[in-house]
S.K.: 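Shown below is the structure under consideration.
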Amino acid sequence: MSKILVSQYQAEVEKIIQAGGNRQQAFLRFAFQKLLSKYCKARDFQLIPALDYKTRNGRIIYPDGTVKDALRLDWGYWESKERDNLDREIKNNLSQGYPNSNILFEDSQTAVLIQGGTEVMRVSMRDGEALDRVLTHFINYVRPEVRDFQAAIEIFKQDLPTILDTLRYLS
């Protein structure tokens with residue numbers, strides 16, 4: 001995607017830390033939100049902050065960000081966590097019903113990507129190349145059911161001329 005965007009984000013984080021005097025997630029979350037929004041724009045996606053999400057058990061939760069397309073379909077979720085214990089926070093969120101199809105957790109130090117219920121990447125946010133890689137992987141993820149549907153459309157397109165010829169012949 002853009003290592004330049006990541007470099008700009010990292011420079012902004014350093015400025016925030018210098019100006020604010022600490023690494024509190026509350027200060028740094030907006031810089032990451034801005035970075036993630038820029039990655040979304042490359043795919044014509046929109047990052048919507050704090051959009052409500054109804055879990056399977058009917059509970060309403062509010063991921064820090066939901067990635068949506070023009071048809072308002074959800075493509076992924078972002079959750080910003082405090083630095084106390086990222087793994088405990090992830091486990092807690094997932095047990096509350098947060099979606100695990102494509103969710104990116106971060107605490108301004110580490111980014112953890114979970115797709116299809118499995119952790120697929122964990123990177124240091126100080127490593128620009130790794131951060132670009134995890135963001136690109138996150139934003140380009142296509143759920144299996146969507147991929148299957150897209151494949152079915154392609155097969156149908158290929159079969160359509162034969163179907164039309166058969167229908168013409170039967171008429």
S.K.: I want to check something: taking the side chain as every heavy atom from C-beta on, are Gln33 and Pro49 in contact at a cut-off of under 4.5 Å?
M.R.: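 Gln33 vs Pro49: side chains touch.
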S.K.: Would Val142 end up clustered with Leu104 when hydrophobic side chains under 4.5 Å apart are linked, directly or stepwise?
M.R.: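 Both belong to a single hydrophobic cluster.
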S.K.: Look up atom CD in Glu14 and atom CG in Leu28, then write down how far apart they are to the nearest 0.5 Å.
M.R.: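 So the gap between those two atoms works out to 9.0 Å.
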S.K.: Before you tell me yes or no, could you show the steps for Lys68 and Leu51 under side chain to side chain contact (heavy atoms under 4.5 Å, CB included), namely the whole-Å CA-CA distance, both residues' side-chain angles and the distance that decides it to 0.1 Å?
M.R.: CA-CA 10 Å; Lys68 296 258 189 194; Leu51 187 64; 3.3 Å; yes
S.K.: Tell me the closest heavy-atom pair linking Thr55 and Gln96, and the distance in Å.
M.R.: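 Result for this residue pair: CG2-O, 3.7 Å.
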S.K.: Check whether any side-chain N or O of Ser95 sits under 3.5 Å from a backbone N or O of Asn92 as a donor-acceptor pair, and report yes or no.
M.R.: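 Flag set: sc Ser95 to bb Asn92 pair under 3.5 Å.
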S.K.: If you round to the nearest 0.5 Å, how far is CD1 of Ile90 from CD1 of Ile103?
M.R.: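 Spacing of CD1 (Ile103) from CD1 (Ile90) equals 8.5 Å.
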S.K.: Just list the side-chain donor-acceptor pairs under 3.5 Å for residues 111-121, sequence neighbours left out, or say none.
M.R.:
| residue | atom | partner | partner atom | Å |
| --- | --- | --- | --- | --- |
| Gln115 | OE1 | His137 | NE2 | 3.2 |
| Gln115 | NE2 | Asn102 | OD1 | 2.9 |
| Gln115 | NE2 | His137 | O | 3.4 |
| Glu119 | OE1 | Arg122 | NH2 | 2.9 |
| Glu119 | OE2 | Arg122 | NE | 2.9 |

S.K.: If I take atom NZ from residue Lys34 and atom CD from residue Gln8, how far apart are they, to the nearest 0.5 angstrom?
M.R.: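 Those atoms lie 8.5 Å apart.
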S.K.: Do you know which two heavy atoms are closest between Val67 and Ile139, and how far apart they sit?
M.R.: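 For Val67 and Ile139, the tightest heavy-atom pair comes out as CG1-CD1, 4.1 Å.
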S.K.: So, taking the atom named CH2 in Trp75 and the one named SG in Cys40, what distance separates them when rounded to the nearest 0.5 Å?
M.R.: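 Result: 12.0 Å between the selected atoms.
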S.K.: Hey, are the side chains of Phe32 and Leu36 touching, using non-hydrogen atoms and a 4.5 Å cut-off?
M.R.: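 Heavy-atom side-chain distance check passes, below 4.5 Å.
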S.K.: Looking only at heavy atoms, which two atoms of Glu79 and Pro63 are closest? And how far apart?
M.R.: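 Residues Glu79 and Pro63, closest heavy atoms: OE1-CA, 3.2 Å.
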S.K.: Considering non-hydrogen atoms only, spot the tightest contact between Gln10 and Arg126 and give its length.
M.R.: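 Looking at all heavy atoms of both residues, the closest pair is NE2-O, 3.2 Å.
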S.K.: In terms of heavy-atom contacts, does CG of Leu73 have more than 12 from other residues, nucleotides or ligands at under 6.0 Å?
M.R.: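 Yes, the 6.0 Å shell around CG holds more than 12 heavy atoms from other groups.
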S.K.: How many angstroms lie between atom OG of Ser37 and atom CG of Leu5, to the nearest 0.5 angstrom?
M.R.: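 That separation rounds to 11.0 Å.
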S.K.: Ignoring hydrogens and angles, tell me if any N or O in the side chain of Lys54 forms a donor-acceptor pair with the backbone of Gly58 under 3.5 Å.
M.R.: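 No.
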S.K.: Check for me whether the distance between the ring centres of Tyr77 and Tyr53 falls short of 6.0 Å.
M.R.: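 Here the rings of Tyr53 and Tyr77 have centres that are less than 6.0 Å from each other.
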S.K.: Identify the two heavy atoms, one from Ala31 and one from Ile16, that lie closest to each other, and give their separation to 0.1 Å.
M.R.: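 Answer, listing the atom of Ala31 first, then Ile16: CB-CD1, 4.0 Å.
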S.K.: How many angstroms lie between atom OG1 of Thr66 and atom CZ of Phe45, to the nearest 0.5 angstrom?
M.R.: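 With rounding to 0.5 Å, OG1 (Thr66) is 13.0 Å from CZ (Phe45).
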S.K.: Search all heavy atoms of Pro99 against all heavy atoms of Leu94 and return the closest pair with its distance.
M.R.: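 Closest approach of Pro99 to Leu94: O-CD2, 4.2 Å.
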S.K.: Is there side-chain contact between Tyr39 and Asp132, with heavy atoms separated by less than 4.5 Å?
M.R.: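 In short, these two side chains touch, coming nearer than 4.5 Å.
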S.K.: Check the hydrophobic clustering (I, L, V, M, F, W, Y; side-chain heavy atoms under 4.5 Å; chains of links allowed) and say if Leu35 and Ile4 are grouped together.
M.R.: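 Result: no, two separate clusters.
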S.K.: Answer yes or no: is there a side-chain heavy-atom contact under 4.5 Å between Phe105 and Thr110?
M.R.: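 Answer no - side chains too far apart.
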S.K.: Evaluate the side-chain proximity of Glu106 to Trp78: yes if any heavy-atom separation is below 4.5 Å, no if none is.
M.R.: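 Yes; the side chains approach each other to less than 4.5 Å.
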S.K.: Return the set of residues passing salt bridge (Lys or Arg N to Asp or Glu O under 4.0 Å) with Arg168 (not counting sequence neighbours), or none when no residue passes.
M.R.: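 Expected list: Asp165.
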